[in-house]
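As structure tokens, the structure follows; a few thoughts come after it.
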Protein chains: 2
Amino acid sequence: MTAEREASPRVRLNRDRVLLAAVSLADAIGIEALSMRRLAQELGVVPMALYKHVANKEELLDGMVEVIIAKIGPDESDAEWKPAVRRRVLSARHALARHPWARRVIESRTTQTPAVLSYMDSFAGMFLTGGFSADLAHHVMHALGGRMWGFTQELFVDPAATAEPVAGPPEARAALMEQMAAHYPHIAAIAASSAHDGATVVGQGCDDQFEFEFALDLLLDGFERLHREQWTSGISGPSRATPVAAD
Amino acid sequence: MTAEREASPRVRLNRDRVLLAAVSLADAIGIEALSMRRLAQELGVVPMALYKHVANKEELLDGMVEVIIAKIGPDESDAEWKPAVRRRVLSARHALARHPWARRVIESRTTQTPAVLSYMDSFAGMFLTGGFSADLAHHVMHALGGRMWGFTQELFVDPAATAEPVAGPPEARAALMEQMAAHYPHIAAIAASSAHDGATVVGQGCDDQFEFEFALDLLLDGFERLHREQWTSGISGPSRATPVAAD
DNA sequence: ACCTGAACACCGTTCAAGT
DNA sequence: ACCTGAACACCGTTCAAGT
């Protein structure tokens with residue numbers, strides 16, 4: 001499933017071939033298993049050959065992020081800011097969906113590459129063009145944060161893996177559920193109301209896309225309200241803004 | 001700065017001593033430099049000695065998170081839900097502030113430990129006690145997400161490290177600023193309005209605490225509105241909720 | 001200009017042995 | 001019951017050499 005590329009010995013490496021191979025290798029074996037040595041092997045080359053095309057592993061990761069960003073699709077900020085922002089966020093979410101490692105890698109990068117900066121700039125542009133003050137646009141970009149990339153602010157990462165994985169018989173699972181309910185009554189209450197199957201607490205049976213859009217729209221609505229009310233940071237804090245002339 | 005602990009040879013290891021040493025070692029040298037071997041050395045012990053007290057490195061990390069959670073301080077949900085949630089989030093933020101590695105570690109854990117689950121349960125409890133339906137409480141927990149721990153959904157991680165670090169003369173920095181403005185005009189516009197010093201774009205001069213509370217209050221206000229309007233997920237999406245009888 | 005080989009200073013973890 | 005030593009199968013990266 002992973003050694004199908006480059007049986008032919010002489011194809012000449014270049015930066016793009018290295019980056020593309022790294023992306024699909026990470027897709028296949030996971031980011032934690034992606035090593036310079038493993039990637040070199042995949043490309044039929046000695047580990048040190050890679051260092052002619054990327055300075056080090058950090059730069060490899062930066063390059064991989066660039067490859068992903070290129071797939072997000074262009075800015076179409078001609079429309080109103082709100083649907084424009086919404087559309088672009090969801091398109092990023094779509095582009096990153098098949099690269100589960102991308103989130104972790106993007107968040108680990110400290111020095112922003114041009115690709116990252118211009119992606120962020122497109123959001124700043126949508127807000128400013130939409131009539132936001134630079135002040136509000138600034139805070140709103142922070143509030144959006146990683147959601148700009150379509151990241152959920154994950155909490156319930158692996159739906160299946162709550163407490164110990166229960167491989168045992170069904171009655172053991174049921175016993176665990178009772179224990180959970182005893183120890184974490186409120187989570188259990190929430191789970192009971194929304195569980196599509198009763199196997200785990202929160203996380204199982206959640207519609208990720210729904211949860212993402214729920215939070216996104218909550219934020220966008222908040223942005224809209226502050227914009228309408230001509231909020232400025234002089235007052236401090238969204239809820240302490242004095243409404244000016246809403247609707 | 002880092003080899004001051006345990007010169008005395010025979011103090012007998014135990015799980016707590018291992019975990020506490022791991023936490024302060026991570027504080028000192030960073031999480032990526034924390035290895036089983038390094039930790040063993042810090043404790044004046046051979047690497048394999050640790051494996052009597054933690055099964056492996058994963059369990060070490062889980063234990064370190066438990067140590068941090070223990071510092072968050074108790075749930076005081078007797079008050080109204082909104083200030084109670086707000087207070088607990090900010091108290092988590094405070095507790096985690098001096099352990100910059102904690103965020104990454106918490107997010108990397110897939111199997112939730114009892115300590116993590118009961119922390120989450122305390123939030124579920126505040127919403128339910130505050131009169132939220134299990135349905136709304138569920139989505140609201142997701143929307144809160146990592147902010148429950150006081151995490152910002154970071155984007156501008158390292159304030160100083162935008163593009164290449166400019167060690168050169170001031171005129172080189174100025175030239176870089178102009179380049180930035182040319183390539184990323186919207187970011188530059190925002191930066192110009194809020195820059196306390198003009199050195200970098202967004203990130204520099206931001207008051208992290210302000211940005212955090214801005215987004216938090218935006219969400220809490222949204223939660224309050226949906227609660228007031230008796231929102232249910234049947235309708236789908238906060239902005240598409242039909243207001244029922246607000247105020 | 002690009003790739004190779006050998007080496008260095010690290011990892012986490014197993015297994016068999018010591019006290 | 002707890003700790004040790006040696007070993008295995010890995011890392012990223014440097015340096016000097018090959019074509």
Side-chain angles (χ1 to χ4, degrees), chain A residues 1-3 5-23 25-65 101 104-105 108-111, chain B residues 1-3 5-23 25-65 101 104-105 108-111:
Chain A
M1 185 222 206
T2 176
R5 271 170 297 276
E6 300 328 313
S8 52
R10 275 291 86 77
V11 197
R12 200 87 167 209
L13 245 43
N14 60 46
R15 191 165 195 269
D16 268 12
R17 272 198 356 104
V18 170
L19 297 182
L20 291 173
V23 165
L25 186 56
D27 290 346
I29 67 172
I31 195 70
E32 68 292 330
L34 177 79
S35 68
M36 297 298 274
R37 298 172 110 108
R38 185 81 176 69
L39 176 59
Q41 171 188 304
E42 197 71 12
L43 286 161
V45 109
V46 92
M48 281 317 298
L50 301 177
Y51 287 78
K52 263 270 114 62
H53 304 99
V54 289
N56 48 38
K57 194 175 182 184
E58 295 289 286
E59 201 183 288
L60 178 76
L61 294 171
D62 281 338
M64 291 169 69
V65 172
W101 47 268
R104 188 164 304 278
V105 172
S108 73
R109 253 67 299 280
T110 55
T111 113
Chain B
M1 186 222 204
T2 173
R5 270 170 296 275
E6 299 328 310
S8 52
R10 274 294 85 79
V11 198
R12 200 84 167 211
L13 245 42
N14 59 46
R15 190 164 196 268
D16 267 12
R17 268 192 7 97
V18 170
L19 297 182
L20 290 174
V23 165
L25 186 56
D27 290 346
I29 67 173
I31 193 71
E32 67 294 325
L34 177 79
S35 67
M36 297 298 276
R37 298 172 110 109
R38 187 82 176 69
L39 175 59
Q41 172 188 303
E42 197 71 12
L43 287 160
V45 107
V46 94
M48 281 317 300
L50 302 177
Y51 286 80
K52 263 271 113 60
H53 305 100
V54 289
N56 48 38
K57 195 175 181 182
E58 294 289 286
E59 201 183 290
L60 178 76
L61 294 171
D62 281 338
M64 291 169 70
V65 172
W101 48 268
R104 190 164 303 280
V105 172
S108 73
R109 252 72 295 282
T110 55
T111 113

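All values reported here derive from a predicted model rather than from experimental measurement.
The distance from atom CD of B:E32 to atom P of C:dC11 is 12 Å, rounded to the nearest whole Å. When the C1' atom of C:dG12 is taken as reference, atom CG of B:L39 falls 13 Å away, rounded to whole Å. The distance between atom CG of A:L50 and atom P of D:dG12, rounded to the nearest whole Å, is 10 Å. Taking atom CG of A:L43 as the reference point, atom C1' of C:dC2 lies 15 Å away to the nearest angstrom. Atom CD in A:Q41 sits roughly 15 Å away from atom P in D:dA9 (whole-Å rounding). In this structure, the CE atom of A:M48 is 16 Å from the P atom of C:dC8, given to the nearest Å. The OH atom of B:Y51 sits 17 Å away from the P atom of D:dG5 (whole-angstrom rounding). When rounded to the nearest whole Å, the span between CD1 of B:I31 and C1' of C:dG12 equals 15 Å.
Among C:dG5, D:dT4, D:dC11, the nucleotide with an atom closest to any side-chain atom of A:R38 is D:dC11. You'll find that the side chain of B:K52 is closest to D:dC2, out of C:dC3, C:dC11, D:dC2.
The two residues B:L50 and B:V45 make their nearest non-hydrogen contact at CD2-CG1, 4.5 Å. Of all non-hydrogen atoms in B:S35 and B:K57, the two that sit nearest each other are CA-NZ, 4.2 Å. Taking every heavy atom of both residues into account, A:P47 and A:A40 meet most closely at CA-CB, 3.4 Å. Heavy-atom minimum distance, B:L13 versus B:R17: CD1-NH2, 3.3 Å. Taking each heavy atom of A:G63 and A:R15 in turn, the nearest pair found is CA-NH2, 4.3 Å. Contact between B:V54 and B:E59 at its shortest, heavy atoms only, is CA-OE2, 3.7 Å.
Summary of the strand contacts: A:R37 and A:P47 both lie near DNA chain C, and taking for each the nucleotide with the nearest heavy atom, the more 5' one is attributed to A:P47.
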- Verify side chain to side chain contact (heavy atoms under 4.5 Å, CB included) between B:V23 and B:W101, making sure each step is shown before the conclusion. CA-CA 9 Å; B:V23 165; B:W101 48 268; 3.9 Å; yes

- Yes or no on side chain to side chain contact (heavy atoms under 4.5 Å, CB included) for A:E58 and A:R109, after CA distance, side-chain angles and deciding distance? CA-CA 8 Å; A:E58 295 289 286; A:R109 253 67 299 280; 3.4 Å; yes

- Query: After noting the C-alpha distance and the side-chain angles of B:V105 and B:M64, does the key distance pass the side chain to side chain contact (heavy atoms under 4.5 Å, CB included) rule?
  - Reply: CA-CA 9 Å; B:V105 172; B:M64 291 169 70; 5.7 Å; no

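Sorted by residue number, the members of residues 53-63 of chain B with any non-hydrogen atom under 4.0 Å from DNA chain D read B:H53.
At the heavy-atom level, B:M36 lies under 4.0 Å from the strands shown only through sugar-phosphate atoms.
Listed by first residue number, the stems of DNA chain C with at least three Watson-Crick or G-U pairs below 3.5 Å are C:4-8 with D:12-16, C:12-16 with D:4-8.
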